[in-house]
> 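The structure that follows is given in the form of structure tokens.
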Amino acid sequence: MTREPRVVIIGAGIAGIATAVTLQRAGFGDFTILEKGSDVGGVWHWNRYPGLTCDVPSQLYQFSFAPKPDWSGLFAPGAEIQRYLRDVVDGCGLGDRLLLNTEVVSATFSGTDWRVTTSGGVELEADFVIAATGVLHHPFTPDIPGLDTFAGDVVHTARWHDDTVTDGRRIAVIGTGSTGVQVVSALQPGAARISHLVRSPQWVMWAPMGLRQPAAVGRLLRKRPALHRKLYAVFLWGSGILADIATRPSWRRRLVQTYARWSLRTQVRNPELRDRLTPDYQPLCKRQVVSSSYYRAIRADNAEVVTAPIDRVTPRGIALSDGREIDVDLLVLATGFHTHNYMRPMRIRGRDGISLDDAWAKGPRAYRMTAIPGFPNLFTVLGPNSPTGSISLQYSSELTARYITQWLRRFRDGEVDTVEVTEEATAKFNDDAGQALGPTVWNTGCNSWYLTDEGNVDLWPYDRKTMTAMLSRPDYRDFHVQKGGGL
Ligand code: N01
């Protein structure tokens with residue numbers, strides 16, 4: 001007996017697109033991608049703040065099945081990445097499988113299949129649900145007293161309005177992550193004054209972010225696809241070094257950390273400013289910030305770094321705890337995301353009515369990033385423990401999607417009706433991962449978005465080879481499968 005699995009993929013960002021194309025290539029045709037945004041791209045659709053650039057080299061930041069030879073630079077701007085993702089969707093003919101402006105509000109397992117409900121009241125039935133809902137998704141707005149009394153404009157970087165006026169204005173930017181650093185660098189030249197409010201300074205490593213890719217390189221790579229594949233393989237191999245540096249203490253880690261310190265020392269000569277910009281934790285502990293322009297921007301005459309804590313926001317600006325008040329026309333919140341929400345606030349109910357909120361009461365947890373006990377026939381792509389700090393997300397998404405197709409194949413062949421990871425296998429994976437996260441640089445004493453509310457590092461602690469081995473073939477001992485009514 002063969003039957004075509006009905007699949008709902010939630011999200012059309014990198015993970016969702018990788019999943020859809022992988023399913024398509026594996027011969028599965030009955031899938032629908034539900035995307036709440038008005039276009040594909042995930043973070044690359046939602047984020048459009050000035051200066052948005054990917055700090056991962058573009059020749060790596062692409063799918064293996066959709067090589068793009070002609071990136072404009074070594075590090076592409078956000079809009080170019082979003083266009084690339086849109087081109088992949090169009091080029092693969094996914095348009096008629098994609099529903100934009102369609103937000104999923106709930107997904108409920110009936111005992112045999114899933115009922116997925118959208119905010120528009122549409123209900124879809126699916127044999128499998130694949131949540132590719134992203135990590136940097138729900139903007140975090142800090143609870144600063146008086147924020148709602150501010151008379152000027154307030155914008156969160158992840159919800160930037162294209163008509164936001166920045167030139168000639170007094171701007172305050174709160175937040176010092178990758179976003180804050182990029183937006184300050186971009187807004188400083190045109191601003192009347194820019195104040196960067198830095199609660200915890202970051203190590204900012206210099207890299208040639210503005211380096212253009214000559215058009216001839218694009219033409220050559222287009223003509224020689226084998227060479228292009230080799231280049232991608234080299235970048236992928238190079239990213240393995242990053243994973244090694246992050247996960248194991250070594251001279252390589254120390255070398256990179258020395259480079260981060262050197263980047264600060266050589267670009268900020270003023271000892272008082274340098275002192276205020278020096279973090280009290282090791283480089284690489286937080287998601288590393290990379291920039292070629294930030295230190296120059298904040299040394300400019302119209303710029304200042306403010307390290308005094310914010311007391312409150314007033315109608316005119318920001319009152320600091322040292323008694324000073326900064327007058328502000330535009331307040332930019334580069335304050336990050338609720339990074340451990342994953343599929344929530346969707347209401348997800350699995351076997352016997354168990355809710356995802358209850359299952360994750362002590363923090364998000366999954367088996368090998370993709371399966372959750374209590375939730376049959378539901379998989380995540382870039383779920384908990386994903387390697388957002390070390391390994392190519394495109395690689396990880398494609399690998400996970402191929403893993404899922406193996407279950408879809410078994411369903412199609414009538415070998416399983418439902419599949420659910422065991423609690424024991426999930427607990428073992430999480431215990432092992434927890435131990436392996438011990439010596440990682442992310443666990444060296446900083447407060448970062450990698451940490452869950454419970455203080456656990458929510459990242460992948462292993463190298464790419466281990467990830468590939470874990471997700472190449474399902475270990476059937478780790479799953480309950482149901483076939484024709486019995487577990
Ligand atoms: O967010 P963040 P992000 N008062 O969470 C501060 C990716 N990304 O949007 O550190 C004052 O890193 C907070 O301060 P503290 C990348 O993975 C990639 O910048 O908590 N400050 C922190 O400085 C990145 O890591 C690219 O003390 C407050 C900041 O807000 C991830 O996105 C580009 C505050 C939040 O930093 C998130 O980066 C951009 C308060 N009440 C982003 N509340 C690429 O190039 C929060 N903060 C690929």
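Whatever order the structure lists ligands and atoms in, that order sets their numbers, starting from 1.
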> Does F337 come within less than 4.0 Å of ligand 1, judged by its heavy atoms?
yes
> Check ligand 1 against T53 and write out every atom of the ligand that is under 4.0 Å from a heavy-atom position of the residue.
44 (C), 45 (O)
> Among protein heavy atoms, which sits nearest to atom 1 (O) of ligand 1, and what does the distance come to when rounded to 0.1 Å?
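Among all protein heavy atoms, the one nearest atom 1 (O) of ligand 1 is G336 CA, 3.2 Å.
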> If you measure from the Lys or Arg side-chain nitrogens to the Asp or Glu carboxylate oxygens, is any gap between R83 and D87 under 4.0 Å?
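No salt bridge links R83 with D87.
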> Within the 4.0 Å heavy-atom shell around Y49, which atoms of ligand 1 are there?
33 (C), 39 (C)
> Taking the six-membered ring for Trp, is the centroid-to-centroid distance between W460 and Y462 below 6.0 Å?
yes
> Between E35 and H45, do the side chains contain an N or O donor and an N or O acceptor separated by less than 3.5 Å?
no
> I need the atoms of ligand 1 closer than 4.0 Å to a non-hydrogen atom of S200, numbered in the order shown.
10 (O), 15 (P), 27 (O)
> With atom 10 (O) of ligand 1 as the reference point, say which of R199, Q288, K286 has the nearest heavy atom.
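Comparing heavy atoms across R199, Q288, K286, the nearest one to atom 10 (O) of ligand 1 lies in K286.
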> Would W360 and Y342 count as a close aromatic pair, with their ring centres under 6.0 Å?
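Judged by ring-centre distance (under 6.0 Å), W360 and Y342 do meet the cut-off.
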> Out of all atoms in ligand 1, which are within 4.0 Å of some heavy atom of G175? Include the element for each.
6 (C), 23 (O), 29 (C), 30 (O)
> For Y450, is the nearest heavy atom under 4.0 Å from an atom of ligand 1?
no
> Heavy atom under 4.0 Å from ligand 1: found in L136's side chain, backbone, both, or neither?
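Side chain only; the backbone of L136 stays clear of ligand 1.
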> Taking 4.0 angstrom as the limit and counting only heavy atoms of R287, give me the atoms of ligand 1 inside it, by number and element.
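Listed by number with element: 16 (C), 17 (O), 18 (C), 24 (C), 25 (O), 48 (C).
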> Is there any salt bridge (Lys or Arg N to Asp or Glu O under 4.0 Å) pair reaching into residues 150-166, and which pairs are they, with sequence neighbours excluded?
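Those involving residues 150-166 are R48-D162, D153-R169.
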> Who passes salt bridge (Lys or Arg N to Asp or Glu O under 4.0 Å) against R316, sequence neighbours left out?
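R316: salt bridge (Lys or Arg N to Asp or Glu O under 4.0 Å) contacts with D327.
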> Would you please determine whether V56 falls within less than 4.0 Å of ligand 1 on a heavy-atom basis?
no
> Test the R287-Y450 pair against the cation-pi criterion, namely NZ or CZ under 6.0 angstrom from the six-membered ring centroid and within 45° of the ring axis.
no
> Any heavy atom of F140 sitting closer than 4.0 Å to ligand 1?
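Yes; F140 lies near enough to ligand 1 that a heavy-atom distance drops under 4.0 Å.
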> If we set the cut-off at 4.0 Å for heavy atoms, which region of S178 has an atom near ligand 1: side chain, backbone, both, or neither?
both
> May I ask you to check whether F337 and W46 place their ring centres under 6.0 Å from each other?
no
> Ring centroids only, cut at 6.0 angstrom: are W71 and Y61 within range, meaning strictly under it?
no
> Checking contacts here: is it the side chain or the backbone of I174 that comes within 4.0 Å of ligand 1, counting heavy atoms only? Could be both or neither.
side chain
> Go through the steps for H196 and Y294 under the test side chain to side chain donor-acceptor pair (under 3.5 Å), then give the verdict.
CA-CA 11 Å; H196 193 190; Y294 173 69; 2.8 Å; yes
> Check each of T176, L52, V289 against atom 23 (O) of ligand 1 and report the one with the nearest heavy atom.
T176
> Hey, is A334 touching ligand 1 through its side chain, its backbone, both or neither, going by heavy atoms under 4.0 Å?
backbone
